[in-house]
Trainee: 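Before I ask anything, here is the structure I am working with.
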Amino acid sequence: MLEIQGLTKAYGKYKAADGVSFAVGNGEIGILLGPNGAGKSTVIKSIAGLLRYQGRISVKGLDARSIGAKKAFAYVPELPVMYEALTVREHIDFIVHAYHLQVTEDEIRQLLGRFELLDKQDKLGNELSKGMMQKVSICCALIIHPDVILLDEPMVGLDPAAIKELKQVILELKEEGATILISTHMLEMVKELWDIMFVLDKGHVIASYRKSDVKEEDLEELFFHVTDAEHEKEEE
């Protein structure tokens with residue numbers, strides 16, 4: 001489970017996140033949506049441990065800053081960064097050793113095969129396209145078998161086959177009871193995945209919806225309805 005309670009991050013007098021609270025349960029896929037400047041990146045980076053903040057973020061009931069939480073958490077950033085001098089396979093091996101994982105060669109090969117990286121294992125980080133870097137980043141996150149995973153715009157730069165495979169992996173994680181949070185503006189890509197949606201605007205969660213409650217309503221319509229209503233309220 002992932003819980004955010006009263007998350008606040010200020011830059012001087014400007015609050016990029018102002019008392020943000022939400023939760024995604026075990027076996028749930030949460031979607032974090034927001035227009036430019038909504039504070040989405042601030043929330044994401046805070047969850048991932050890249051920013052200092054006020055409030056509480058917990059992973060499986062543990063403070064997100066704790067070693068126990070970090071071992072259970074995986075993060076796929078929007079802009080993957082590779083070690084230039086490491087090969088694709090060495091990136092995976094690095095994660096395996098860093099997390100003291102007990103994984104077999106077959107598990108690694110199967111994961112690389114799912115994302116068409118088997119024949120790219122010996123390529124260096126500085127030889128990879130953005131799409132391949134994204135695939136490596138996804139594999140590095142998945143190899144730890146995370147209980148909680150945050151994916152920031154995970155489908156940007158991926159080819160159709162990789163998008164299809166990633167969607168299948170996300171659904172498998174859900175079935176295994178993992179907690180998944182996806183930050184995206186590509187609503188069409190996640191319309192069949194989500195369980196709960198959080199709409200962020202000007203540093204606040206202005207609405208949340210459960211798919212089971214909104215029935216056949218379109219995800220895009222919900223998003224624009226609530227953000228347009230919020231902006232109209234401000235103009236009055």
Trainee: Please check if the number of heavy atoms outside Gln54 that lie under 6.0 Å from its CD is greater than 12.
Mentor: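 No.
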
Trainee: Quick one: does Ser183's side chain have a donor or acceptor within less than 3.5 Å of a partner on Glu153's backbone?
Mentor: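 Flag not set: sc Ser183 to bb Glu153 has no pair under 3.5 Å.
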
Trainee: Side-chain heavy atoms nearer than 4.5 Å, only ILVMFWY residues, links allowed to pass through others: does that put Tyr99 and Val136 together?
Mentor: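 In one cluster with Tyr99: Val136, yes.
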
Trainee: Is any side-chain heavy atom of Ile144 closer than 4.5 Å to a side-chain heavy atom of Phe73?
Mentor: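 Counting from C-beta outward, Ile144 and Phe73 never come under 4.5 Å.
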
Trainee: What do you reckon, is CD of Glu192 surrounded by more than 12 foreign heavy atoms closer than 6.0 Å?
Mentor: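 More than 12 within 6.0 Å, yes.
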
Trainee: With a 4.5 Å heavy-atom cut-off, do Gln121 and Thr87 have their side chains touching?
Mentor: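 Counting from C-beta outward, Gln121 and Thr87 never come under 4.5 Å.
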
Trainee: Does Val59 belong to the same Ile/Leu/Val/Met/Phe/Trp/Tyr cluster as Leu62, with side-chain heavy atoms less than 4.5 Å apart forming each link?
Mentor: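 No: no chain of side-chain contacts under 4.5 Å links Val59 to Leu62.
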
Trainee: For Lys123 and Glu127, which heavy atoms make the closest approach, and how far apart are they?
Mentor: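 Smallest heavy-atom distance, with atoms named: CA-OE1, 3.5 Å.
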
Trainee: Rounded to the nearest 0.5 Å, what separation is found between the CG atom of Leu124 and the CD atom of Glu90?
Mentor: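 Atom-to-atom, Leu124:CG and Glu90:CD are 7.5 Å apart.
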
Trainee: Between OG1 of Thr42 and CG of Leu50, what distance do you get to the nearest 0.5 Å?
Mentor: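 The CG atom of Leu50 is 11.5 Å from OG1 of Thr42, to the nearest 0.5 Å.
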
Trainee: Show, in sequence, the C-alpha distance, side-chain angles and deciding distance for Asn26 and Met1, and conclude whether the side chain to side chain contact (heavy atoms under 4.5 Å, CB included) test is met.
Mentor: CA-CA 5 Å; Asn26 299 331; Met1 185 165 187; 3.7 Å; yes

Trainee: Could you please spell out the steps behind the side chain to side chain contact (heavy atoms under 4.5 Å, CB included) verdict for Ile92 and Cys140?
Mentor: CA-CA 6 Å; Ile92 302 297; Cys140 286; 3.9 Å; yes

Trainee: Rounded to the nearest 0.5 Å, what separates atom CD1 in Ile95 from atom CG in Leu142?
Mentor: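 One finds 11.5 Å between CD1 of Ile95 and CG of Leu142.
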
Trainee: Could you check whether atom NZ of Lys15 has more than 12 heavy atoms from other residues, nucleotides or ligands sitting under 6.0 Å from it?
Mentor: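 No, NZ of Lys15 has 12 or fewer neighbouring heavy atoms, counting only those of other groups under 6.0 Å.
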
Trainee: Just wondering, more than 12 heavy atoms not from Lys174 lying within 6.0 Å of its NZ?
Mentor: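 Check passes, neighbour count above 12.
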
Trainee: Kindly indicate whether the side chain of Leu158, heavy atoms from C-beta on, has any atom under 4.5 Å from the side chain of Ile138.
Mentor: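 Answer yes - side chains close enough.
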
Trainee: Under a single-linkage definition using a 4.5 Å side-chain heavy-atom cutoff for Ile, Leu, Val, Met, Phe, Trp and Tyr, are Leu101 and Val169 assigned to the same hydrophobic cluster?
Mentor: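 Shared cluster, yes.
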
Trainee: Working to the nearest 0.5 angstrom, can you tell me the gap between Cys139 SG and His91 NE2?
Mentor: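 The SG atom of Cys139 sits 12.0 Å away from the NE2 atom of His91.
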
Trainee: Look at the side chain of Ser208 and the backbone N and O of Phe198, then say whether any donor-acceptor pair between them is shorter than 3.5 Å.
Mentor: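 No.
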
Trainee: Show the nearest heavy-atom pair for residues Lys60 and Ala72, with the distance to one decimal.
Mentor: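 It is CD-CB, 3.8 Å.
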
Trainee: Roughly how far, to the nearest 0.5 Å, is CD of Gln134 from CG of Leu79?
Mentor: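 It is 8.5 Å, given to the nearest 0.5 Å.
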
Trainee: Heavy-atom distance under 4.5 Å between the side chains of Thr184 and Met155, does that happen here?
Mentor: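 No; the side chains remain at least 4.5 Å from each other.
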
Trainee: Where do Ala162 and Lys135 come nearest, in terms of heavy atoms and distance?
Mentor: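 Heavy atoms only, the tightest pair is CB-CE, 3.7 Å.
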
Trainee: Should Val88 and Met132 be marked as a side chain to side chain contact (heavy atoms under 4.5 Å, CB included) after you check the CA-CA gap, both sets of side-chain angles, and the distance that decides it?
Mentor: CA-CA 9 Å; Val88 168; Met132 281 197 285; over 6 Å; no

Trainee: Any side-chain heavy-atom pair from Ile182 and Pro154 closer than 4.5 angstrom?
Mentor: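 Yes - at least one pair of side-chain heavy atoms lies under 4.5 Å apart.
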
Trainee: Around atom NZ of Lys191, are there more than 12 heavy atoms of other residues, nucleotides or ligands at under 6.0 Å?
Mentor: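 For Lys191, atom NZ is not crowded (no more than 12 foreign heavy atoms under 6.0 Å).
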
Trainee: Between Glu28 and Arg210, does any side-chain N to carboxylate O distance fall below 4.0 Å?
Mentor: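 Yes.
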
Trainee: Kindly indicate, with the supporting measurements, whether the criterion side chain to side chain contact (heavy atoms under 4.5 Å, CB included) is fulfilled by Ile170 and Lys167.
Mentor: CA-CA 5 Å; Ile170 289 170; Lys167 287 181 179 181; 5.6 Å; no

Trainee: Taking all heavy atoms of Ile44 and all of Asp152, pick out the closest pair and write down the distance.
Mentor: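 That closest heavy-atom pairing would be CD1-OD1, 3.5 Å.
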
Trainee: Do Arg56 and Asp63 sit within salt-bridge range, that is, some charged N less than 4.0 Å from a carboxylate O?
Mentor: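 Asp63 and Arg56: salt-bridged.
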
Trainee: Once you round to the nearest 0.5 Å, how far does CG of Asp147 lie from CD1 of Ile180?
Mentor: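 So the CG of Asp147 and the CD1 of Ile180 are separated by 10.5 Å.
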
Trainee: Just wondering, do Leu171 and Ile29 contact through their side chains at under 4.5 Å, heavy atoms?
Mentor: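 They are in side-chain contact.
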
Trainee: For Lys70, is the NZ atom crowded, meaning more than 12 foreign heavy atoms sit under 6.0 Å from it?
Mentor: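 Correct, the count exceeds 12.
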
Trainee: Hey, is Arg114 close enough to Glu172 for a salt bridge, meaning N to O under 4.0 Å?
Mentor: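 Judged by the 4.0 Å cut-off on N to carboxylate O distance, Arg114 and Glu172 do form a salt bridge.
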
Trainee: So, do Leu150 and Leu2 sit near enough that their side-chain heavy atoms are less than 4.5 Å apart?
Mentor: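 Result no, sub-4.5 Å side-chain heavy-atom pair not found.
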
Trainee: Looking only at heavy atoms, which two atoms of Leu200 and Gly39 are closest? And how far apart?
Mentor: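 What the structure gives for the nearest pair is CD2-C, 3.4 Å.
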
Trainee: Can Arg89 and Glu105 be counted as an ion pair, charged N to O under 4.0 angstrom?
Mentor: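 The answer is yes: the pair qualifies as a salt bridge.
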
Trainee: Side chains of Pro35 and Asp201: closer than 4.5 Å at any heavy-atom pair?
Mentor: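 Yes. Closest side-chain heavy atoms under 4.5 Å.
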
Trainee: Between Pro146 and Ala178, which heavy-atom pair has the shortest distance, and what is it?
Mentor: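 Heavy atoms only, the tightest pair is O-CB, 3.9 Å.
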
Trainee: Does Leu181 share a hydrophobic cluster with Leu51, counting links as ILVMFWY side-chain heavy atoms below 4.5 Å and allowing steps through other members?
Mentor: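 As far as the 4.5 Å side-chain criterion goes, Leu51 and Leu181 are not connected within one cluster.
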
